[in-house]
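What follows is a single structure, written as structure tokens, with notes after it.
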4 protein chains.
Amino acid sequence: MTEKYFSETFNPRFSDTDALGHINNTMVPVWFEGARDPIFRWFSPELDTNNWQLILAKIDASFHAQMYYGREMEVRSYIGRIGGSSFDVYQELWQDNELRASGTAVMVHYNYTAQKSAKIPIDILDHFKKYLKVSK
Amino acid sequence: MTEKYFSETFNPRFSDTDALGHINNTMVPVWFEGARDPIFRWFSPELDTNNWQLILAKIDASFHAQMYYGREMEVRSYIGRIGGSSFDVYQELWQDNELRASGTAVMVHYNYTAQKSAKIPIDILDHFKKYLKVSK
Amino acid sequence: MTEKYFSETFNPRFSDTDALGHINNTMVPVWFEGARDPIFRWFSPELDTNNWQLILAKIDASFHAQMYYGREMEVRSYIGRIGGSSFDVYQELWQDNELRASGTAVMVHYNYTAQKSAKIPIDILDHFKKYLKVSK
Amino acid sequence: MTEKYFSETFNPRFSDTDALGHINNTMVPVWFEGARDPIFRWFSPELDTNNWQLILAKIDASFHAQMYYGREMEVRSYIGRIGGSSFDVYQELWQDNELRASGTAVMVHYNYTAQKSAKIPIDILDHFKKYLKVSK
């Protein structure tokens with residue numbers, strides 16, 4: 001059974017490269033955050049930053065192979081772990097059918113007014129389950 | 001008669017915003033450079049940065065209206081002026097059918113080995129003419 | 001007579017380079033905006049973005065010579081023109097005693113609540129005059 | 001006994017903020033990479049990117065507290081682990097005497113010509129030991 005994920009495709013930009021001739025590693029967290037938009041929309045449907053409900057606790061990124069300018073890329077986003085108020089987004093960066101980078105973002109459902117974490121709403125848990133990454 | 005342009009659409013990212021709640025102005029030169037890829041390909045079809053033939057002399061960007069996260073954007077790229085070895089790329093950033101920013105990049109056909117500018121090849125001039133912006 | 005300017009020195013970062021082996025041009029607007037902090041402080045002494053009073057109308061940047069990773073840089077910031085509600089910040093980027101890039105940012109004193117431009121306060125005009133660039 | 005580290009201080013820039021009013025998390029990997037320059041210089045004294053000897057295998061970053069625009073920051077860099085051909089750089093981001101973020105970069109001494117990892121030279125191991133982080 002194929003697991004379900006959010007897919008975002010895009011072309012890396014000239015300014016994303018570095019002097020070694022490839023894509024600079026610091027773009028990966030930028031692209032991964034960008035590709036979490038569909039997940040952000042579960043919490044803030046209009047992506048209204050005045051009513052944000054998430055906070056980022058941790059990120060990691062592993063670099064498996066060089067990434068190149070001039071060829072399309074795809075980020076695949078899964079839910080990696082479901083906790084009480086926190087959850088993991090697991091993401092992969094593919095180019096030319098090869099896994100180039102992967103990483104996990106630990107996010108927390110957060111009440112900015114009360115300045116504390118909050119339980120993940122049940123309807124969002126249902127969304128999570130559809131995109132859950134089982135094998136890794 | 002409608003003028004012909006290159007169109008690139010994309011979604012701005014969370015990290016493109018700034019503390020005023022909109023898109024930060026420094027993203028516009030990044031997006032405009034990224035949207036010049038089809039023009040770069042006339043000079044380097046594979047976007048091979050080891051055989052690059054262009055140098056950037058000047059950019060400007062005018063900010064007409066706020067740009068927002070959460071809504072698709074489009075960059076439209078035209079040729080703005082054709083010189084002997086240099087040319088202008090004129091670009092517009094649209095969101096929700098409104099012109100948000102515009103700018104011009106002055107590019108020079110450049111021989112990196114000889115370290116000097118070079119005439120624009122005739123076949124590329126033919127490409128230029130198809131995308132020439134007449135009215136501004 | 002030497003004109004007075006704000007000076008900011010820093011080391012460019014590995015991620016600021018691009019595949020041509022130099023600093024990517026899109027960093028210049030980022031550095032120039034960063035070096036405008038002392039000017040921002042005249043309007044918002046604590047750089048409080050909840051009480052911001054400036055809006056950016058236009059930027060340009062000219063690239064005079066390649067910029068390199070591994071060597072310190074300096075941005076010099078002057079007031080370039082004083083209008084009623086708008087003013088220009090003229091900036092230069094120096095590396096190894098050579099002018100590498102220069103540019104102008106057109107800024108407007110802006111009332112975000114009323115959504116319109118506002119006259120530059122007299123005490124700020126006095127600051128402006130001390131950093132005015134006469135020759136260019 | 002106080003452990004020895006590389007210190008880099010700088011002011012975050014306006015463009016480093018995001019719509020939540022703080023510094024965007026994606027700047028942390030950029031700043032951490034920038035602050036690894038003294039370590040890069042052990043391998044390439046002139047930071048010559050044509051003769052680079054390092055490759056990045058993995059990064060992580062934990063976010064402990066909000067980071068603010070308008071106040072100086074410091075990155076402290078330590079050697080976190082020494083392997084045969086790989087090593088960890090452990091880094092902390094401080095602002096107003098508070099630890100705001102921390103992370104580890106796994107780097108590999110790499111021979112780009114042979115396309116394989118290489119033992120860390122003995123003289124560099126000596127440097128490493130001086131900056132080794134024991135307690136974490």
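Below, chain A is the first sequence line, B the second, and so on; all start at residue 1.
Of the residues Asn25(D), Asp16(D), Asn24(D), the one that meets the side-chain contact (heavy atoms from CB on, under 4.5 Å) test with Ser15(B) is Asn24(D).
Interface residue Thr26(D): only side-chain heavy atoms are found under 4.5 Å from chain B.
Side-chain contact check for Tyr69(D) versus Asp18(B): every heavy-atom pair is 4.5 Å or farther apart.
Residues Ala19(B) and Gly21(D) approach most closely at CB-CA, 4.0 Å, considering heavy atoms.
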